[in-house]
Engineer: 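Here it is: the structure, laid out below.
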Amino acid sequence: MSGKVIEFLGQQKFRFDFGTDGKLYVVIFNAKIPQAELKKLLSSLGNCLYEKMPGAILLYLEQHQFEFSDYNSIEIPLENHSVMEWAVYLIHSDIYGKVDENLENADIYYAVMDYQDATPDGGREGCYFTVQRTVCGNGGFQHNAIVQTYFYNEGNCDENGHFVIRKSKDGILNNIDSLKGEPALPTFGCVDLASLLPNIENFQTKEDVLKTAVK
């Protein structure tokens, strides 16, 4: 592995989760990355296939000579029911403690999920979500999330969904924008969720999300 790989004060532990088509791609590493440079790294991931994300992140770290260590990437099965449970939790929970408990002490966390599957009645259900967790100055965590669950009935072409933009304030999650009924994000077509990551904390409306994510 090239790049500067050393131990030093000021490192943070990063974790990225990318899930789609029955697979979860996880990337974990320690690094010291200024906020502006982190946004550039995230911007470089737009339109990248999820299975290519681990290699793309590693290549970016090496090419820009960031100081990083303990880089690890794994691929594990992703079950539809567990993804949908996470999406429902992200929509309805007042706090995201369940998220924090599963991050193996990561300081900075980003997740992107784009998943759907057939239902027993012949329809299709799925979800999209992007999540950011960062460390606040008081030692707590700040969360931002954009989430949609949806169902599509192939028999009558009926669609319904639940979309939210959520941000934490003083540890409590608040809905910035939400929509129930017709899905805000299309259930078919190209939705570039990774393009939401660099500025996830700035989205205020579903229209803002659509302009960025729908190509």
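Note that these values count all heavy atoms, side chains included, but never hydrogens, waters or copies made by symmetry.
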Engineer: Donor-acceptor pair, Thr20 side chain versus Asp114 backbone, under 3.5 Å?
Structural biologist: yes
Engineer: Are Met113 and Leu78 packed together at the side-chain level, in the sense that at least one heavy-atom pair is separated by less than 4.5 angstrom?
Structural biologist: yes
Engineer: Count the heavy atoms belonging to other residues, nucleotides or ligands that lie under 6.0 Å from NZ of Lys98, then report whether that count exceeds 12.
Structural biologist: yes
Engineer: With side chain to side chain contact (heavy atoms under 4.5 Å, CB included) as the test, would you mind laying out the steps for His162 and Val147 before giving the verdict?
Structural biologist: CA-CA 8 Å; His162 191 172; Val147 191; over 6 Å; no
Engineer: I'd like to know if the side chain of Asn174 reaches the main chain of Ile172, judged simply by a donor and an acceptor atom lying under 3.5 Å from each other, with no hydrogens or angles considered.
Structural biologist: yes
Engineer: Kindly check if the number of other-residue, nucleotide or ligand heavy atoms within 6.0 Å of NZ (Lys180) is above 12?
Structural biologist: no
Engineer: Would a hydrophobic clustering, with Ile, Leu, Val, Met, Phe, Trp and Tyr connected at side-chain separations under 4.5 Å, put Phe203 with Leu45?
Structural biologist: yes
Engineer: May I ask you to decide if Glu201's main-chain N or O and Lys167's side chain share a donor-acceptor pair within less than 3.5 Å?
Structural biologist: yes
Engineer: Is the backbone N or O of Ala184 less than 3.5 Å from a side-chain atom of Gln148, with the two atoms forming a donor-acceptor pair by type?
Structural biologist: yes
Engineer: Would a single hydrophobic cluster contain both Tyr89 and Leu173, if residues Ile, Leu, Val, Met, Phe, Trp and Tyr are joined by side-chain heavy-atom contacts under 4.5 Å?
Structural biologist: yes
Engineer: Does the ring centre of Phe163 sit less than 6.0 Å away from the ring centre of Tyr150?
Structural biologist: no
Engineer: Compare all side-chain heavy atoms of Val99 with those of Trp86 and state whether any distance is below 4.5 angstrom.
Structural biologist: yes
Engineer: Check the angle between the aromatic planes of Phe16 and Phe18 and answer parallel, tilted or perpendicular using the 30° and 60° thresholds.
Structural biologist: parallel
Engineer: Got a donor-acceptor contact below 3.5 angstrom from the Arg166 side chain to the Leu90 backbone?
Structural biologist: yes
Engineer: Once you measure the plane-to-plane angle for His64 and Tyr60, does it fall in the parallel (<30°), tilted (30-60°) or perpendicular (>60°) bin?
Structural biologist: parallel
Engineer: Rounded to the nearest 0.5 Å, how far apart are CD of Glu159 and OG1 of Thr187?
Structural biologist: 3.5 Å
Engineer: Between Ile200 and Ile176, is there a shared hydrophobic cluster once you connect ILVMFWY residues whose side-chain heavy atoms come closer than 4.5 Å?
Structural biologist: yes
Engineer: Does Glu182 have more than 12 heavy atoms from other residues, nucleotides or ligands lying within 6.0 Å of its CD?
Structural biologist: no
Engineer: If you measure from the Lys or Arg side-chain nitrogens to the Asp or Glu carboxylate oxygens, is any gap between Lys40 and Glu37 under 4.0 Å?
Structural biologist: yes
Engineer: Could you tell me whether a side-chain N or O of Asp177 sits under 3.5 Å from a main-chain N or O of Lys206, the two making a donor and an acceptor?
Structural biologist: yes
Engineer: Of the non-hydrogen atoms in Asn30 and Gln11, which two are nearest, and what is the gap between them?
Structural biologist: CB-OE1, 3.6 Å
Engineer: Let me check something: do Phe129 and Phe151 share a hydrophobic cluster, defined by ILVMFWY side-chain heavy atoms less than 4.5 Å apart, either directly or through other members?
Structural biologist: no
Engineer: Looking only at side-chain N and O atoms, does Asp17 offer a donor or acceptor that is under 3.5 Å from a partner on Tyr109?
Structural biologist: yes
Engineer: Taking Ser195 for the side chain and Thr212 for the main chain, is one N or O donor matched with an acceptor at less than 3.5 Å?
Structural biologist: yes
Engineer: Going by the angle between their ring planes, with limits at 30° and 60°, are Phe29 and Phe68 parallel, tilted or perpendicular?
Structural biologist: perpendicular
Engineer: Are any side-chain N or O atoms of Asp192 and backbone N or O atoms of Asn47, one a donor and one an acceptor, separated by less than 3.5 Å?
Structural biologist: yes
Engineer: Less than 4.5 Å apart, any side-chain heavy atom of Leu38 and any of Phe66?
Structural biologist: no
Engineer: Working note: Leu210 + Leu185, criterion side chain to side chain contact (heavy atoms under 4.5 Å, CB included); need CA distance, chi angles, decisive distance, verdict.
Structural biologist: CA-CA 7 Å; Leu210 285 166; Leu185 293 168; 3.8 Å; yes
Engineer: Are any non-hydrogen side-chain atoms of Ile33 and Gln12 less than 4.5 angstrom apart?
Structural biologist: no
Engineer: Taking the side chain as everything from C-beta on, heavy atoms only, tell me whether Pro186 gets closer than 4.5 Å to Val191.
Structural biologist: yes
Engineer: Phe14 versus Ile57: any side-chain heavy-atom pair under 4.5 Å?
Structural biologist: no
Engineer: Thinking salt bridges, do Lys23 and Glu75 make one under a 4.0 Å N-O criterion?
Structural biologist: yes
Engineer: Does CG in Asn105 sit with more than 12 non-hydrogen atoms of other residues, nucleotides or ligands closer than 6.0 Å?
Structural biologist: no
Engineer: Would you call Leu41 and Leu61 a side-chain contact if the rule is heavy atoms closer than 4.5 Å?
Structural biologist: yes
